[in-house]
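Worksheet: one structure, shown below.
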Amino acid sequence: MTEGKAKDAGQEKFLMRMYSSGSETEDEEFLGGTRAFFERIKGQGETLESILHEAAVYIEAFSQFKEVAMGVRGRDGTYRYSALVGFNREAEAARRNISFTSRDMKDLAMGRPIRICRISQFYLSERKPYLPGQENTFNHPNLLGIPRQRPDEMVEGDFVEVSLIGKNKEIIGWIEVSGTMMGKLPKRAILIQIEFFASCLSLVLSNML
Amino acid sequence: MSAVIETERILREEYSGSPKDQNENIMSAVISLASRSISEESVENILRDALRNVHRLFDFQDVAIALKDRDGMFRYKVQLGLSAEAEKKYFEIVYSPEDLFDDTYFPSTAVSEVTRFYMSENAPYKSDEVGSYGRPMHIADKRMMANDMVEGDYIDIYIRDWKNEVIGYFELAATRSKKLPTRDTIRWVELIATLLGMLISKRATEVKGG
């Protein structure tokens with residue numbers, strides 16, 4: 001300050017202590033991390049593929065899920081997996097060979113998912129949410145079909161799908177998460193965070209797809 | 001009962017769509033805001049929607065958004081909380097990019113990369129701007145506690161475009177609790193500002209002043 005108004009040093013110190021120091025709560029970490037994600041993908045000449053990959057890595061980092069798959073609608077109107085994190089080579093290759101039509105994306109008959117939270121679908125392994133021959137899209141196909149022992153377990157074949165909704169409410173892609181660290185159903189708060197992140201990401205992707 | 005039937009019950013009952021706490025309530029509101037904004041063509045409508053949500057979800061009585069116009073100057077575009085008379089004066093204010101970062105006339109404390117606190121004790125305004133305050137007669141009121149928010153205090157949270165240039169800012173003032181906002185609140189508005197910047201940056205200069 002060379003002229004004009006002097007700052008109140010005590011008040012400034014208080015503000016810095018209140019807003020810029022100390023450990024963050026889980027919610028603050030998520031908000032800060034999400035903002036940092038979007039700041040990072042801005043202006044870096046990022047491609048659609050790199051944004052999706054970074055998004056999948058970020059979801060894996062803040063959620064309890066070991067596997068994150070993301071897909072988007074291509075120029076030909078079909079939907080394919082674009083980013084896969086946490087899958088073994090065979091499962092990843094099998095997923096990259098699959099494509100879905102827009103009718104497939106809206107068809108909830110297969111697997112009969114349960115609608116949860118705001119925009120998510122929970123697919124239960126017992127309902128076989130995959131076509132015959134697609135067992136190899138899972139990391140451990142040999143574990144598919146083994147009955148759940150406890151109701152709060154998350155087993156191989158269970159997954160949660162969150163749609164990415166673009167202009168005019170069209171589905172432009174999806175996020176699929178599976179395999180929690182402790183083998184239990186995910187925390188509700190984590191799923192809400194994924195839905196929130198998906199909505200924010202749709203803002204960006206809607207102008208790219 | 002087989003385990004899967006019970007799992008279905010848990011999913012339907014414990015993962016229902018209704019928000020369970022204030023944080024979920026805010027997330028739900030921002031999801032709705034994002035959903036509406038994707039298909040909205042008018043920048044002004046997007047700004048109004050964002051501002052209404054910030055005003056409703058957080059503790060601030062007076063909120064506004066300023067944007068950079070084609071001439072490079074910043075002007076307030078939308079506000080909530082001020083009287084018609086104060087609003088008129090508020091919308092007449094014009095800042096250059098230099099003003100925005102001028103610590104001489106507008107002393108501030110940067111608490112993050114995008115947030116600056118302007119405290120009343122430092123008189124962060126020009127003399128002809130006093131009329132744009134909601135309660136100008138209280139502008140010299142003394143702060144009794146360090147975490148009080150008093151007339152004359154305000155917070156700017158920058159809105160940046162895809163090139164990370166500042167294209168506008170949220171201005172937040174006068175909390176209903178009369179206390180400084182929580183750290184969570186600041187993180188929330190920072191995130192909303194980031195999303196807003198990405199959404200409107202290509203169209204920001206199309207909005208007419210005031």
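Since the model is a prediction, treat every value here as computed from it, not as a measurement. Just so it is clear: chains get the letters A, B, ... in the order the sequence lines come, proteins before strands, and each one is counted from 1.
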Part of A/T34 lying under 4.5 Å from any heavy atom of chain B: both
Can you tell me which of A/Q149, A/M16, A/E153 forms the most heavy-atom pairs within a distance under 4.5 Å of chain B? A/M16
Could you check whether any side-chain heavy atom of A/I41 comes within less than 4.5 Å of a side-chain heavy atom of B/M198, counting everything from C-beta outward? yes
Does any heavy atom of chain A fall under 4.5 Å from the side chain of B/I186, the backbone, both, or neither of them? side chain
Which of the residues B/L191, B/V114, B/V30, B/I10 is involved in the greatest number of heavy-atom pairs with chain A at under 4.5 angstrom? B/L191
How long is the span from the OG1 atom in B/T115 to the CG atom in A/L15, to the nearest 0.5 Å? 11.5 Å
Do you know the tightest heavy-atom contact between A/S199 and B/I31? OG-CG2, 3.3 Å
Please state whether the side chain, the backbone, both or neither of B/P181 comes within less than 4.5 Å of a heavy atom of chain A. both
Name the region of A/S120, side chain, backbone, both or neither, that has any atom closer than 4.5 Å to a heavy atom of chain B. neither
Going through the checks in order, is the side-chain contact (heavy atoms from CB on, under 4.5 Å) test met by B/S2 and A/R148? CA-CA 9 Å; B/S2 72; A/R148 186 183 313 264; over 6 Å; no
For the student: nearest non-hydrogen atoms of B/T109 and A/E12, plus distance: OG1-OE2, 3.2 Å
A/E29 CD: over 12 foreign heavy atoms closer than 6.0 Å: yes
Part of A/F122 lying under 4.5 Å from any heavy atom of chain B: side chain
Answer with side chain, backbone, both or neither: which region of A/R150 has an atom nearer than 4.5 Å to a non-hydrogen atom of chain B? backbone
Please state whether the side chain, the backbone, both or neither of B/E8 comes within less than 4.5 Å of a heavy atom of chain A. both
Side chain, backbone, both or neither: which part of B/M119 has a non-hydrogen atom closer than 4.5 Å to chain A? side chain
For the student: nearest non-hydrogen atoms of B/V111 and A/S20, plus distance: O-OG, 2.6 Å
For A/E28, is it the side chain, the backbone, both, or neither that has a heavy atom closer than 4.5 Å to a heavy atom of chain B? both
Can you name the nearest heavy-atom pair linking A/G166 to B/S39, along with the distance? O-OG, 4.5 Å
Please report the interatomic distance CG(B/D161) to NZ(A/K42), rounded to the nearest 0.5 Å. 7.0 Å
If we only count heavy atoms from C-beta on, is the A/R118 to B/S32 side-chain gap below 4.5 Å? yes
Could you check whether B/R183 pairs with A/E24 (Lys NZ or Arg NE/NH1/NH2 to Asp/Glu carboxylate O, under 4.0 Å)? no
Heavy-atom distance under 4.5 Å to chain B: side chain of A/F14, backbone, both or neither? side chain
Minimum heavy-atom separation for A/F30 to B/M27, with atom names? CE2-CE, 3.6 Å
Quick check against the 3.5 Å criterion: does A/D8 have a side-chain atom that pairs as donor or acceptor with the backbone of B/N122? no
Which of residues 188-198 of chain A get closer than 4.5 angstrom to chain B, counting heavy atoms alone? A/R188, A/L191, A/I192, A/Q193, A/E195, A/F196
More than 12 heavy atoms of other groups within 6.0 Å of A/K184 NZ: yes
Given heavy-atom pairs under 4.5 angstrom as the criterion, report whether the side chain, backbone, both or neither of A/F37 touches chain B. neither
Chain A heavy atoms under 4.5 Å from B/S28: which part of the residue, side chain, backbone, both or neither? both
Region of B/R160 in contact with chain A, defined by heavy-atom distances below 4.5 Å: both
Which region of B/D21, side chain (C-beta onward) or backbone (N, CA, C, O), has a non-hydrogen atom less than 4.5 Å from a non-hydrogen atom of chain A, or is it both or neither? neither
If we define contacts as heavy-atom pairs under 4.5 Å, which of A/I116, A/L31, A/I119 has the most with chain B? A/L31
If the contact rule is any heavy atom under 4.5 Å from chain A, which residues of residues 169-180 of chain B qualify, in numerical order? B/L180
Mind ranking A/D27, A/D152, A/T25 by heavy-atom pairs under 4.5 Å with chain B and telling me who comes out on top? A/D27
Per-residue contact mode, A/L124 against chain B (heavy atom under 4.5 angstrom): side chain
Does some side-chain heavy atom of A/L185 sit less than 4.5 Å from a side-chain heavy atom of B/E14? no
Interface residue of largest heavy-atom contact number with chain A, from B/A110, B/S112, B/S108, under 4.5 Å: B/S108
Please look at B/N23 and chain A and tell me whether the side chain, the backbone, both or neither of the residue comes under 4.5 angstrom of a heavy atom of that chain. side chain
4.5 Å side-chain heavy-atom contact, A/M18 and B/F117: no
So, the part of B/L11 with a heavy atom under 4.5 Å from chain A: the answer is both
Within 6.0 Å of NE2 in B/H55, more than 12 heavy atoms from elsewhere: yes
For residues A/E39 and B/N164, determine if any side-chain heavy atom of one lies less than 4.5 Å from a side-chain heavy atom of the other. yes
Atom group of B/A193 that falls short of 4.5 Å from chain A, counting heavy atoms: neither
